[in-house]
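Just so you know, ligand 1 is whichever comes first in the structure, and atom 1 is the first atom listed for that ligand. These values consider heavy atoms only, across backbone and side chains, with no hydrogens, waters or symmetry-generated copies. Positions are given from 1, in the same order as the sequence printed here.
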Amino acid sequence: MLRHFVDLLELSAEDARLLIDRSIELKRAEKSGNRPQWLSGRTLGLIFEKPSLRTRVSFEAAIARLGGNAIFLRGEDVGLGTRESVEDFARVIGQYVDALAVRTYSHSTILELAAAAEIPIINALSDESHPCQAMADFMTIEELRGSPRGQRLVFVGDGNNVARSLSVASALLGAEFVLCSPEGYQFPPEFRGRLAARFPGQTINHEPDPAAAVAGADVIYTDVWASMGQEHEAVRRKEAFAPYQVNEALLARARSDAIFLHCLPAHREEEVTSAVLDGPSSHVLQQAANRLHFQMALLVWLLADMPG
Ligand code: CP
Ligand code: NVA
């Protein structure tokens with residue numbers, strides 16, 4: 001069966017649960033020296049229009065640990081959408097690789113690839129979502145705090161790709177999601193509509209006051225104020241987000257056992273201070289490490305029952 005991993009809104013709650021369980025199992029197996037070679041001889045293609053450390057390297061390491069190999073391309077290497085159409089690219093690359101991870105500016109490129117490709121397409125970050133990140137983060141939450149069900153995740157910052165995927169993952173896994181963003185940086189109506197259609201009856205909690213938002217939080221999460229492609233808005237955004245910095249004073253308003261997460265890369269002293277990022281509540285390195293284990297589970301889920 002051909003599966004894609006483009007948007008968490010298309011994932012079932014059962015599959016979300018299964019992917020988290022498998023990530024944790026694969027991490028345990030690895031720690032006890034067991035590396036199943038389930039994807040021996042398989043090739044993962046990666047095509048990235050934006051920079052990446054964690055996503056690229058964790059995908060390349062994940063397929064290698066499962067016995068396969070990776071081929072990395074920059075968008076400009078192949079002229080995606082310029083040298084030939086996205087559709088032709090998808091049809092051709094599917095003759096060489098077994099799955100393709102894609103990082104793009106426009107989410108519509110990923111949708112076009114998924115519509116044309118006969119291999120699984122993985123969203124490795126778009127302007128709309130970052131599903132691999134959000135799922136790996138819920139693996140981390142489960143490791144640190146047990147089942148996500150009923151936990152309160154407060155996202156302080158931009159209602160962008162990472163926040164959107166975290167809100168969907170929260171709904172899939174039974175967590176409470178609170179968005180704490182300034183006016184103009186909340187979820188767009190189109191996304192809210194899709195969320196409401198997928199999870200009828202669930203409301204998106206929005207609390208614009210950071211101090212009120214973090215009260216009772218189990219998890220406090222933030223991301224950069226200007227994402228890749230928004231650098232030209234950095235000055236305006238710094239002004240709008242200044243009251244939303246996650247610092248020790250804000251953390252002091254949360255429960256004493258609340259954990260801090262950040263997808264990284266971080267802009268220290270902007271959205272988060274070094275005191276918080278490097279402090280005892282922060283688990284950002286475990287979070288980054290778990291990208292690898294989730295990626296392994298995802299590749300197995302997408303490829304293991306597909307003919308090689
Ligand atoms: N968190 C994350 O996706 O990092 P990279 O941009 O380095 O891949
Ligand atoms: N929101 C950030 C996430 C980076 C992992 C960006 O899109 O640049």
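- Put simply, CG on Leu100 and CG on Leu73 are 8.0 Å apart, with the number rounded to the nearest 0.5 Å.
- Below 4.0 Å from some heavy atom of Leu264 lie the following atoms of ligand 2, by number and element: 5 (C).
- Distances between N or O atoms of Lys50 and those of ligand 2 include no value under 3.5 Å.
- Regarding atom 7 (O) of ligand 2, its nearest protein heavy-atom neighbour is Asn161 ND2, 2.8 Å.
- Among protein heavy atoms, atom 8 (O) of ligand 2 sits closest to Met228 N, 2.8 Å.
- What sits closest to atom 2 (C) of ligand 2 on the protein, heavy atoms only, is Ser227 OG, 3.3 Å.
- Below 30°, between 30° and 60°, or above 60°: for Tyr185 and Phe241 the angle between ring planes is between 30° and 60°, a tilted geometry.
- Of the heavy atoms in Leu125, only side-chain atoms (C-beta onward) come closer than 4.0 Å to ligand 2.
- For the 3.5 Å distance criterion, the side chains of Thr55 and Arg103 qualify, holding a donor opposite an acceptor.
- Applying the side-chain contact (heavy atoms from CB on, under 4.5 Å) criterion to Pro51, with sequence neighbours excluded, gives Met228.
- A side-chain N or O of Ser108 and one of Ser106 form a donor-acceptor pair less than 3.5 Å apart.
- A cation-pi geometry, defined here as NZ or CZ lying under 6.0 Å from the six-membered ring centre and within 45° of its normal, does not hold between Arg56 and Phe48.
- Remark: the Asn161 side chain and the Ser129 side chain contain no N/O donor-acceptor pair separated by less than 3.5 Å.
- To the nearest 0.5 Å, atom CH2 of residue Trp38 and atom CZ of residue Arg65 are 14.5 Å apart.
- Residue contacts with ligand 2 do not include Asp158, since none of its heavy atoms lies under 4.0 Å from the ligand.
- Taking only nitrogen or oxygen atoms, main chain and side chain alike, Cys263 does not reach within less than 3.5 Å of ligand 2.
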| said: Applying side-chain hydrogen bond (donor to acceptor under 3.5 Å, both in side chains) to Ser274 and Arg268, what does each step give before you reach the verdict? | reply: CA-CA 6 Å; Ser274 290; Arg268 287 170 180 261; 3.0 Å; yes
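- Among protein residues, Ser52, Leu53, Arg54, Thr55, Arg103, His130, Gln133, Cys263, Leu264, Arg291 come within 4.0 Å of ligand 1, judged on heavy atoms.
- Between the side chains of Gln286 and Glu143, at least one donor N or O sits under 3.5 Å from an acceptor N or O.
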